[in-house]
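Remarks on the structure that follows.
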Amino acid sequence: MEKFETVGEVMITEEQIRARAAEIGKLISEEFKEGELIFVGILKGAVMWMSDVIKNVSNRDMTIDFMIVSSYGASTKSSGIVKIVKDLDTDIKDKNVIIVEDIVDSGITLNYLKQYFEGRGAKNLRICTLLDKPAGRRVDLVPDYVGFVVEDKFIVGYGLDFDQKYRQLPYISFLK
Ligand code: IMP
Ligand code: MG
């Protein structure tokens with residue numbers, strides 16, 4: 001497979017991600033058999049992962065929504081400040097909400113979003129992340145559904161960017 005010079009080896013393949021998404025989609029379907037279910041993707045990073053997961057929740061009604069939050073800018077370290085750039089279009093009160101993220105690093109973004117969603121009256125809240133980078137954690141946050149645990153590298157591909165680039169890579173890799 002052709003690669004950018006700045007991008008390292010393939011860490012996780014598309015096939016591995018799809019297979020894991022199928023497992024997680026089934027787990028979510030089993031956990032939430034009743035009640036309204038909404039998946040909220042955090043743009044832009046979560047697009048590919050979210051599309052893979054929701055294809056596997058085919059046994060019940062569900063809806064999707066998206067938010068845009070920003071905290072990073074063009075740096076590889078979190079600024080610690082979370083800003084809502086695009087809010088929900090949907091009322092989530094009394095609904096089962098699955099927040100879909102690309103990666104949990106410091107945990108600051110999801111910690112903020114969790115409180116925000118609880119404030120809006122979500123009944124059950126779960127976090128479904130493609131990647132978990134526990135080494136980066138700065139707040140106490142444990143995601144409920146994790147695709148893969150990654151080491152402390154700056155990850156790109158499959159939706160994850162550096163300065164808006166590399167999101168299109170059909171695999172998970174890292175910046176050299
Ligand atoms: P956190 O608030 O530090 O947990 O980071 C949340 C956001 O930072 C994620 O949604 C990503 O957009 C971005 N981020 C954190 N680590 C990485 C990485 O290794 N590669 C690309 N983006 C990252
Ligand atoms: Mg990002």
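For the numbers below, each heavy atom of this structure counts, side chains included, while hydrogens, waters and symmetry mates do not. From a predicted model like this one, the values you see are computed outputs, not experimental measurements. Just so you know, ligand 1 is whichever comes first in the structure, and atom 1 is the first atom listed for that ligand.
- Under the rule for a salt bridge (charged side-chain N to carboxylate O under 4.0 Å, His left out), Lys165 has no partner lying at least two apart in sequence or in another chain.
- Remark: distances from the non-hydrogen atoms of Lys133 to ligand 1 include one below 4.0 Å.
- For ligand 1, the atoms sitting less than 4.0 Å from at least one non-hydrogen atom of Glu101 are 9 (C), 10 (O), numbered in the order shown with element in parentheses.
- The two residues Pro143 and Thr129 make their nearest non-hydrogen contact at CB-CG2, 3.8 Å.
- Note: Ile42 CD1 to Ile103 CD1 = 14.5 Å, rounded to the nearest 0.5 Å.
- At least one N or O atom of Ile155 sits closer than 3.5 Å to an N or O atom of ligand 1.
- Of all heavy-atom pairs between Cys128 and Ile24, the closest is SG-CG2, 4.0 Å.
- The part of Lys153 lying near ligand 1 is the backbone, judged by heavy-atom distances below 4.0 Å.
- Residue Gly107 places at least one N or O, backbone or side chain, under 3.5 Å from an N or O of ligand 1.
- What you find for Trp49 and Gly147 is that their closest heavy atoms are CH2-CA, 4.1 Å.
- Ligand 1 lies less than 4.0 angstrom from a heavy atom belonging to Asp161.
- A search for ring-ring contact (aromatic ring centres under 6.0 Å, His included) contacts involving Tyr116 returns nothing, not counting sequence neighbours.
- Residue Leu160 touches ligand 1 through its side chain alone, judged by heavy-atom distances below 4.0 Å.
- Aromatic rings from Phe154 and Phe162 are positioned such that their centres are separated by under 6.0 Å.
- Heavy-atom proximity to atom 22 (N) of ligand 1, evaluated over Tyr166, Phe154, Phe162, is greatest for Phe154.
- Interface atoms of ligand 1 facing Ser106, defined by a heavy-atom separation under 4.0 Å, are 1 (P), 2 (O), 3 (O), 4 (O).
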